[in-house]
Amino acid sequence: MTDASQTDASPAAPPAASVEPAAAAKPADALYLVDGSGFIFRAFHAIPPLTRSDGTPVNAVMGFTNMLMKLLADHHAEAVAVIFDSKRLTFRNDFYPDYKAHRPEPPEELKPQFGIIREAVEAFCVPSIELEGFEADDLIATYARLAREQGRPVTIVSSDKDLMQLVGDGVGMLDPMKNKTIGVEEVFEKFGVTPDKVVDVQALAGDPIDNVPGVPGIGVKTAAQLIGEYGDLEALLERAGEIKQPKRRQALIDNAELARVSKRLVKLDDHVEVPTPLEDLKVREPDHEKLLGFLRQQGFRSIITRVENEIRADGRLVDGASAPQPTASTGEAATGEAPALSPTANPRAQFDGKGSYELVQTAEALDRWIAAAYEAGTLAVDTETDSLTACSCKLVGISMAVEQGAACYIPVGHVGPDGAKAEGSLDLVPSDAPKQLPVDEVVAKLKPLLEDPTVLKIGHNLKFDIQVFGSHGIRLAPIDDTMLLSYVLETGLHGHGMDELAKLHCGYTPITYDQVTGTGKSRVTFDRVALDKATEYAAEDADVTLRLHHALKPRLVPERMITLYETIERPLIPVVADMEAEGILVDRAVLSDLSRDLGARLAELETEVHRLAGHPFNVGSPKQLGEVLFAEMGLAGGKKGKTGAYSTDSATLEPLAEQGHDIVQKVLDWRQLAKLKSTYTDSLQQQIDQKTGRVHTSFALAITGTGRLSSTDPNLQNIPIRTEEGRKIRRAFIAKPGHVLLSVDYSQIELRLVAEMAGIEALKLAFREGIDIHAMTASQVFGVPLDQMTGEIRRKAKAINFGIIYGISGFGLGRQLGISAGEANAFIKTYLERFSELAAFMDRTKEFCRRNGYVTTLFGRRCHIQGIAEKNPARRQFAERQAINAPIQGTAADIIKRAMIRIPPALADAGLKGRMLLQVHDELVLEVPEAEAAKTADLVRQTMEAAASLGVPLVAEAGTGHSWAEAH
DNA sequence: CATTTCACG
DNA sequence: GACGTACGTGAAATGA
């Protein structure tokens with residue numbers, strides 16, 4: 001890598017290997033340069049208002065102090081300087097007076113904190129530097145250069161993009177709040193060029209915040225592209241005439257000087273006359289009393305506790321190597337971040353995330369944590385594995401948190417950098433492999449705790465961990481799942497991943513998995529992550545989970561969600577975990593035969609389509625297809641959408657095919673087969689698990705806005721059935737020898753629920769009488785007697801019935817039926833007159849939603865609907881349709897979940913060996929011994945029908961067969 | 001990485 | 001009468 005300060009003309013290329021001076025093991029002479037000014041502003045905005053007892057705001061001081069302590073502890077930093085901006089005017093204003101001219105005054109609450117922060121730096125005995133006429137960035141650039149000349153690694157503690165030009169060649173950056181290192185790779189991500197080209201990009205793109213002009217009309221993206229192409233700014237400006245885009249060319253020619261000035265503004269001066277020699281940038285041992293006095297003055301109780309513990313621990317201050325172990329049995333050192341400040345403090349935001357997490361490598365330490373967990377009666381657990389597919393992954397480590405801030409990580413499956421394993425007796429471990437307890441010993445010791453009925457185990461998405469523990473013979477119980485707590489409380493308001501919830505409830509961004517393992521091709525599996533890094537990440541996850549539990553669990557009772565959670569969501573976890581682990585047998589030969597057949601037919605269709613078009617093109621490209629069909633061949637059909645592309649979906653193409661356009665029919669056929677091949681016959685073969693020979697989907701429990709499950713990797717809830725061709729794929733889903741597949745599905749459950757929830761007497765009666773419901777509505781709406789019913793009329797009534805479930809609109813129904821919106825509206829009007837309770841139900845539901853922001857299912861599930869009070873009618877009506885649909889779809893989801901929970905014990909009680917494999921919203925698929933098929937079918941059917949007792953009967957129908965195609 | 005299309009209930 | 005339409009999902013391919 002070239003020196004960052006040079007600007008040679010090598011083309012911008014992705015960085016080969018990023019230099020990571022901020023990595024764990026560091027030479028003692030590593031230099032840390034803290035961008036003090038930058039950090040003050042970030043701390044101020046990231047941390048909610050806090051005031052000390054005299055009313056002085058101190059949120060930025062608190063954030064700054066935490067950051068500084070973390071830096072000193074985590075990195076064993078010995079050479080550190082905090083660098084501040086001095087007065088406003090700098091040498092840059094000499095040649096560009098407007099530089100940073102529009103910077104607003106700092107907020108009033110921040111002003112008094114500047115001075116206190118300098119006191120804080122002094123109290124920690126860390127050198128602080130500033131120099132009139134120069135920005136902190138210039139001093140940082142200069143010190144970085146000086147240190148590099150002595151071969152010392154440099155870490156710049158900042159996330160300011162203006163400093164990114166310094167990265168590379170032993171200089172790295174560290175964002176202390178996001179806990180992210182910024183190396184060459186990250187700079188490349190941000191600017192699209194290597195660090196030595198950053199100034200050129202900035203010169204072109206400008207920066208409105210600092211009032212750097214740049215070239216108008218050019219942003220970072222374009223700038224990076226240009227610099228990548230021309231090498232550097234000067235070369236670009238000289239050859240600007242060659243640029244093809246006329247506007248861009250002119251802008252560059254007109255503003256060449258402006259770009260040059262901009263470059264001078266953004267280029268840091270690394271030859272400043274420094275006020276303090278490099279050698280003096282050293283952390284000295286602080287005066288403990290002075291430091292504690294300062295902290296007391298600010299009222300930072302939790303920090304004081306930490307500092308006192310550290311002093312007591314070894315007489316030395318802030319040394320990560322001897323950070324206090326959480327003596328959790330007394331609970332003393334594990335005081336999280338109890339708010340010690342005035343009531344303006346937001347207690348939810350007190351979490352700074354940085355407990356002193358312990359790496360557990362000895363039996364003694366493990367015993368101590370197990371004892372602490374027993375004492376607490378509650379623990380958060382999280383497993384780390386080498387892949388995210390629960391069924392076939394290796395256990396790499398376990399983290400536990402017993403109190404806020406008191407968490408540990410127990411590695412059991414880490415390998416050395418060269419892949420050296422460290423299993424078996426510790427004495428035999430090769431020196432370069434990480435030290436860790438044998439997995440069997442850890443499992444044996446944890447099993448009683450994790451199965452103890454008096455100790456609550458908390459996790460986030462425990463369905464995963466249950467499977468991991470299950471494969472080691474541990475049945476995790478009793479449990480609470482923070483993902484599902486959040487889901488029952490706030491479905492529809494936001495997602496329920498841990499990072500999102502941590503930000504929401506703790507105001508904190510945990511280290512991400514990607515940060516630990518890397519991304520893209522440099523990604524490593526978790527078993528290759530260094531132990532200290534793994535500990536930081538994994539223990540933090542457990543800690544955060546525990547904190548989320550504290551934030552969410554107490555809300556269940558007052559918000560009336562405890563029953564839904566305890567009777568439906570929580571009991572479903574192990575049930576679904578078992579289904580995923582079981583998997584379904586898929587016959588690879590059936591799929592590959594289909595693939596071959598489809599491939600041949602696709603090739604034929606493709607040449608046909610090309611022939612009819614007169615030239616070859618990509619049939620799979622909607623863009624090219626639209627051009628061929630509508631522009632070249634002049635078929636009727638217009639543009640649509642904001643992208644301006646022709647619409648070519650089947651709704652558009654089908655009418656054209658019916659008009660006899662051969663090419664369109666062939667395209668539709670091609671589309672269907674291509675879909676079947678790529679999505680199903682090809683990719684499903686890849687999803688067959690090596691070890692089990694079966695396909696293990698993952699059912700998401702907290703994704704949908706209505707309470708339904710969803711299925712991924714692969715999605716087994718959308719296996720084709722509607723067309724004969726697609727249905728063949730179901731022949732590949734089979735039962736193991738001596739078994740059959742049993743499929744049981746609810747008959748018209750959603751329409752039954754409409755009748756029930758809206759209280760439509762005529763519909764309820766019809767369901768009780770077992771009448772053909774679509775024929776019945778047809779006779780009501782169209783006045784045709786049942787004995788004169790035609791298929792066509794029944795089809796229309798069926799479409800209306802579906803429309804009701806979706807929150808009907810004349811336009812939508814009309815399009816579905818191929819009639820005008822006016823005609824459709826007339827049908828709807830008649831329908832609502834015949835079933836008058838329905839209109840009242842829809843109005844009532846919308847009104848409830850407007851008032852409360854959510855709607856509810858029969859079992860009390862809340863679905864929050866966004867946009868119900870929107871002014872924009874389109875968006876509001878969308879929300880209204882959701883509001884009408886959600887209680888229906890959601891209640892159906894509740895009901896099948898209740899059935900799923902009851903089925904495994906019912907089977908066990910009856911001595912039946914059948915296993916549930918799949919759920920497809922209103923259908924359950926089981927694998928049962930052939931001899932038990934009839935008995936099991938009855939039992940499952942009855943359990944499903946009895947899962948809710950309503951004013952309308954629930955009806956379930958069962959089918960069995962060797963394959964899913966036969967069973968359904 | 002967003003858009004388009006289409007598979008299911 | 002506005003505004004753009006049925007509700008809920010996930011995956012593959014294209015192309016910027």
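Numbers restart at 1 for each chain; the letters A, B, ... are given by sequence-line order, proteins then strands.
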4.5 Å side-chain heavy-atom contact, A/Glu185 and A/Ser522: yes
Whole-Å distance separating the CG atom of A/Leu598 from the P atom of B/dA7: 13 Å
Check: C/dT5 base within 3.5 Å donor-acceptor of A/Ser809 side chain: yes
Test log, rule side-chain hydrogen bond (donor to acceptor under 3.5 Å, both in side chains), inputs A/Gln665 and A/Glu658: CA-CA 8 Å; A/Gln665 185 56 56; A/Glu658 273 169 36; over 6 Å; no
Minimum-distance nucleotide to A/Thr679 side chain [options: C/dA12, C/dT9, C/dA2]: C/dA12
Sugar-phosphate only, base, or nothing, as touched by A/Ile703 at under 4.0 Å among non-hydrogen atoms: sugar-phosphate
Touch class at under 4.0 angstrom, heavy-atom based, for A/Gln624 against every strand present: sugar-phosphate
Side-chain heavy atoms of A/Met944 within contact of A/Leu954, under 4.5 Å: no
Touch class at under 4.0 angstrom, heavy-atom based, for A/Ala799 against every strand present: base
Nearest-angstrom distance, C1' atom, C/dA6 to B/dA2: 24 Å
Sugar-phosphate, base or nothing in reach of A/Pro720, heavy atoms under 4.0 Å: sugar-phosphate
Identity of whatever pairs with C/dA2 - Watson-Crick or G-U, under 3.5 angstrom: none
Closest to the A/Lys675 side chain, choosing from C/dG8, C/dT9, B/dT5: B/dT5
From B/dC8, C/dA6, B/dT5, nucleotide with atom closest to A/Arg730 side chain: B/dC8
Presence of A/Asn618 side-chain N/O under 4.0 Å of C/dT14 phosphate oxygens OP1/OP2: yes
Any A/Ser621 side-chain N or O less than 4.0 Å from OP1/OP2 of C/dA13: no
Sugar-phosphate, base or nothing in reach of A/Ile805, heavy atoms under 4.0 Å: nothing
Distance-only donor-acceptor test, A/Arg708 side-chain atoms vs B/dG9 base atoms, 3.5 Å: yes
Integer-rounded Å distance: C/dT9 C1' and A/Phe699 CZ: 13 Å
A/Gln882 (side chain) and C/dG8 (base): donor-acceptor pair under 3.5 Å: no
Test log, rule salt bridge (Lys or Arg N to Asp or Glu O under 4.0 Å), inputs A/Glu823 and A/Lys796: CA-CA 12 Å; A/Glu823 285 175 278; A/Lys796 285 185 183 174; over 6 Å; no
A/Thr648 vs B/dT5: side-chain N/O to OP1/OP2 distance below 4.0 Å: yes
Among C/dC3, B/dA7, C/dG15, the one nearest A/Lys623 by side-chain distance: C/dG15
Short side-chain N/O contact to C/dT5 OP1/OP2 from A/Gln816, under 4.0 Å: no
Any donor-acceptor N/O pair under 3.5 Å between C/dG8 base and A/Arg881 side chain: no
Nucleotide nearest A/Ala874 (side chain, heavy atoms from C-beta), chosen from B/dC8, C/dG4, C/dC7: C/dG4
Between C/dG8 (P) and A/Asp922 (CG): distance, integer Å: 17 Å
Stepwise salt bridge (Lys or Arg N to Asp or Glu O under 4.0 Å) check, A/Arg601 with A/Glu604: CA-CA 5 Å; A/Arg601 290 162 63 193; A/Glu604 265 176 50; over 6 Å; no
A/Phe617 and A/Glu627, any side-chain heavy atoms less than 4.5 Å apart: no
Phosphate contact (C/dG4 OP1 or OP2) by A/Arg875 side-chain N/O below 4.0 Å: no
C/dA2 to B/dC6 separation - P atoms, rounded to the nearest Å: 31 Å
Proximal nucleotide (of B/dG9, C/dG8, C/dG15) relative to the A/Ile721 side chain: B/dG9
Between B/dA7 and C/dC3 - P atom distance, rounded Å: 34 Å
Distance, rounded to the nearest Å, where A/Ile884 contributes CD1 and C/dA6 contributes C1': 11 Å
Nucleotide of C/dA6, C/dG15, C/dA11 approaching A/Thr712 most closely (side-chain heavy atoms): C/dA11
Any donor-acceptor N or O pair under 3.5 Å, side chains A/His774, A/Asn801: yes
Sugar-phosphate only, base, or nothing, as touched by A/Asp745 at under 4.0 Å among non-hydrogen atoms: nothing
Short side-chain N/O contact to C/dG10 OP1/OP2 from A/Ser710, under 4.0 Å: yes
Gap between atoms CZ and P, on A/Phe811 and C/dC3 respectively (whole Å): 15 Å
Contact under 4.0 Å: A/Ser711 side-chain N or O vs C/dG10 OP1/OP2: no
Residue matched to C/dG10 through Watson-Crick or wobble contacts both under 3.5 angstrom: B/dC6
Side chain of A/Asn718 (C-beta onward), nearest among C/dG8, C/dG10, B/dG9: C/dG10
Residue closer to the 5' end of DNA chain C, A/Gly705 versus A/Gly807 (nearest nucleotide): A/Gly807
Atom-to-atom span, CD1 of A/Ile896 to P of C/dG8 - whole angstrom: 19 Å
Whole angstrom value for the distance that separates P of B/dG9 from CG of A/Leu751: 16 Å
Nearest-0.5 Å distance that lies between atom CZ in A/Arg815 and atom OG in A/Ser809: 9.0 Å
Separation of atom CD in A/Gln687 from atom P in C/dA11, rounded to whole Å: 9 Å
